[in-house]
Colleague: 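Dropping the structure in here first, questions after.
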Amino acid sequence: MGNRTEQSAPEHVAIIMDGNGRWAQARGKPRLFGHHAGARRVREIVESCPDLGVKYLTIFAFSTENWKRTQTEVSGLMKLFKRYLMSETKELVSSGVCVRFIGDRIKLDETLVALMDDLELLTCNNDKVHLTIALNYGGRDEVARATKRLAREVAAGRIDPEDVDDETLARFLDTYVLPDPDLVIRTSGEARISNFLLWQSAYAEYKFIDTLWPDFTRDEFASVLANYSTRERRYGAVPG
Ligand code: IPE
Ligand code: IPE
Ligand code: MG
C-alpha cells in the first residue's frame, strides 16, 4: 500500500464553461438564452471560492475559434460580455475579487476592451480571489503571440537564444502572473480541451462532468473539488 497523501484544495481551478447552447435548446429557446443563464451562474461559483479554498479561478468565456459561430450569436455574446462586466463591477470590487483577462484583445471592440481595462484597474488591489476571464483566448494563439514577443527580444539582443528555456517562454504568456492550474473542469459531457490553457495545463488534473454549465452549482463544484483531493499527483516521479 502506498501512503497516499490527501491533496489540499486546488489553488487554481480552470473551468471550460460548456453547454449553454444545449441547455437553451432543451427548453426550445435560442442559444443566447443559454448564454445569459450561463453568465448568471458565474457569480455563485466565484463567491464560493474562498470557502472552498480556491485562490485562483480561470473561466473560458470565448475562444479564438468561437468567431466561427453565426453573426447573431457572436454579437449577442459580445453584448452580453459588456452588460455583464458593467453589472458585476460593483460586486466584484466590493467582494475582494481581482479580475484579469487573458486572450487577444485586438479583435474585440473598443468599448468592451475599455470595460475590461477598467475592471482590471479597479480590482487590482483585491486579493481574496483571483478571477481570470479568458476572452478571445486560444492556447495556440497565446503561445504564438508569446513567441513573437520573445523573438523580438532576441532580435533586439536583449535575450540570448541559448538562454531560452520553458520558463523564459512562460514569462511571455498572458498568464505570466498566475500559477499553473491544478484542476481543469469541463461541463457538458465533452471530453476535450478545445485549445484552453494548453501550456499551463501540462500537469493539471482534469474533470469532465455531464452537467450543462447553466446547471452547475456550488454544491457540484464542492464535490468536484472533493474528488480532486483524493487524487495522487506524481509529476513524472515514482510515488514514495
Ligand atoms: C459554451 O457553451 C459557451 C461558449 C462557447 C461561448 P456553448 O455555446 O458551446 O454550448 P453548446 O456546447 O453548444 O451546448
Ligand atoms: C470551448 O467550448 C470554448 C468555451 C467554453 C468558451 P466550445 O463549445 O467552443 O468547444 P468545442 O467547439 O465543443 O470544441
Ligand atoms: Mg460548446
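Start at 1 and go down the list; that is how both ligands and their atoms are numbered.
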Colleague: Tell me the protein heavy atom at minimum distance from atom 10 (O) of ligand 1, and give that distance in Å.
Modeller: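 The closest heavy atom on the protein side is G21 N, 2.9 Å.
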
Colleague: Could you tell me, atom by atom, which parts of ligand 2 come under 4.0 Å of a heavy atom of R192?
Modeller: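 Numbered from 1, ligand 2 contributes 11 (P), 13 (O), 14 (O).
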
Colleague: Which word best sums up how the rings of W23 and F33 line up, parallel for under 30°, tilted for 30 to 60°, or perpendicular for over 60°?
Modeller: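 Parallel, since the angle between the ring planes stays under 30°.
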
Colleague: May I ask you to identify the nearest protein heavy atom to atom 14 (O) of ligand 2, giving residue, atom name and distance to one decimal place in Å?
Modeller: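 Result for atom 14 (O) of ligand 2: S194 OG, 2.6 Å.
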
Colleague: To which protein heavy atom is atom 5 (C) of ligand 2 closest, and what is the distance rounded to 0.1 Å?
Modeller: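 Minimum-distance protein heavy atom for atom 5 (C) of ligand 2 reads M17 O, 3.5 Å.
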
Colleague: Under 4.0 Å from a heavy atom of F62: give me the atoms of ligand 2 that qualify, with their elements.
Modeller: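 Selected atoms, number and element: 6 (C).
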
Colleague: Do any N/O atoms on W23 end up under 3.5 angstrom from N/O atoms on ligand 1?
Modeller: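 No; the residue has no nitrogen or oxygen that sits under 3.5 Å from a nitrogen or oxygen of the ligand.
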
Colleague: Between W213 and G38, is there a donor-acceptor pair closer than 3.5 Å when you use the side chain of the first and the backbone of the second?
Modeller: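 Yes; at least one donor-acceptor contact below 3.5 Å.
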
Colleague: Please say whether E190 places an N or O atom under 3.5 Å from an N or O atom belonging to ligand 2.
Modeller: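 So ligand 2 has no N or O lying under 3.5 Å from an N or O of E190.
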
Colleague: Record the part of E65 in heavy-atom contact with ligand 1 below 4.0 Å; permitted values are side chain, backbone, both and neither.
Modeller: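 Near ligand 1, E65 shows nothing, with every heavy atom at 4.0 Å or more.
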
Colleague: Under 3.5 Å, side chain of S223 to main-chain N/O of E220, donor-acceptor pair present?
Modeller: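 Yes: the side chain of S223 pairs with the backbone of E220.
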
Colleague: With the threshold set at 4.0 Å, does a side-chain nitrogen-carboxylate oxygen contact exist between E120 and R100?
Modeller: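 Salt bridge flag = no for R100 with E120.
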
Colleague: Short list, please: which atoms of ligand 1 are under 4.0 Å from a heavy atom of R69?
Modeller: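 By the 4.0 Å cutoff, the relevant atoms are 4 (C), 5 (C), 7 (P), 8 (O), 9 (O).
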
Colleague: Considering non-hydrogen atoms only, spot the tightest contact between L173 and E142 and give its length.
Modeller: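 For L173 and E142, the tightest heavy-atom pair comes out as CB-OE2, 3.7 Å.
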
Colleague: Looking only at heavy atoms, which two atoms of Y137 and Q200 are closest? And how far apart?
Modeller: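 Shortest heavy-atom contact: OH-OE1, 3.9 Å.
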
Colleague: Could E232 and R234 be called an ion pair, given the rule that one side-chain N must be under 4.0 Å from one carboxylate O?
Modeller: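 Result for this pair is yes, salt bridge flagged.
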
Colleague: Closer than 3.5 angstrom, by distance alone: can the side chain of N136 be matched with the main-chain N or O of G103 as a donor-acceptor pair?
Modeller: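 Such a contact is absent between N136 side chain and G103 backbone.
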
Colleague: Look at the side chain of T175 and the backbone N and O of L178, then say whether any donor-acceptor pair between them is shorter than 3.5 Å.
Modeller: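 Not at all, since once roles are kept as given, no pair shorter than 3.5 Å links the two residues.
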
Colleague: Pairs of nitrogen or oxygen atoms closer than 3.5 Å, one from S63 and one from ligand 2: do any exist?
Modeller: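 No; the residue has no nitrogen or oxygen that sits under 3.5 Å from a nitrogen or oxygen of the ligand.
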
Colleague: Within the structure, does at least one protein heavy atom fall under 4.0 Å of atom 12 (O) of ligand 2?
Modeller: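 Under 4.0 Å from atom 12 (O) of ligand 2, zero protein heavy atoms found.
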
Colleague: Does H35 approach ligand 1 within less than 4.0 angstrom via side chain, backbone, both or neither, non-hydrogen atoms only?
Modeller: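 The side chain, only.
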
Colleague: May I ask you to identify the nearest protein heavy atom to atom 9 (O) of ligand 2, giving residue, atom name and distance to one decimal place in Å?
Modeller: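 Nearest protein contact, heavy atoms only, for atom 9 (O) of ligand 2 is N66 ND2, 2.8 Å.
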
Colleague: Considering all heavy atoms of both residues, which atom of I16 and which atom of I193 are nearest to each other, and what is their separation?
Modeller: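 Minimum heavy-atom contact is CD1-O, 3.7 Å.
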
Colleague: With a cut-off of 4.0 Å, which atoms of ligand 1 are near a heavy atom of A61?
Modeller: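 In order of number, 6 (C).
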
Colleague: Can you list the atoms of ligand 1 that are under 4.0 Å from a heavy atom of R22?
Modeller: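 Near R22, the atoms of ligand 1 are 11 (P), 12 (O), 14 (O).
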
Colleague: So that I can check it, does any N, O or S atom in D18 come closer than 2.8 Å to the Mg ion (ligand 3)?
Modeller: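 Yes, since at least one N, O or S atom of D18 sits under 2.8 Å from the Mg ion (ligand 3).
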
Colleague: I'd like to know if G19 contacts ligand 1, where contact means a heavy-atom distance under 4.0 Å to any ligand atom.
Modeller: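 Judged by the 4.0 Å heavy-atom criterion, G19 does count as contacting ligand 1.
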
Colleague: Near R186, which atoms of ligand 2 are under 4.0 Å from a heavy atom of that residue?
Modeller: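 Those qualifying, in numeric order: 2 (O), 7 (P), 10 (O), 11 (P), 13 (O), 14 (O).
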
Colleague: Check step by step if side chain to side chain contact (heavy atoms under 4.5 Å, CB included) holds for D160 and D163.
Modeller: CA-CA 5 Å; D160 181 344; D163 294 337; 3.5 Å; yes

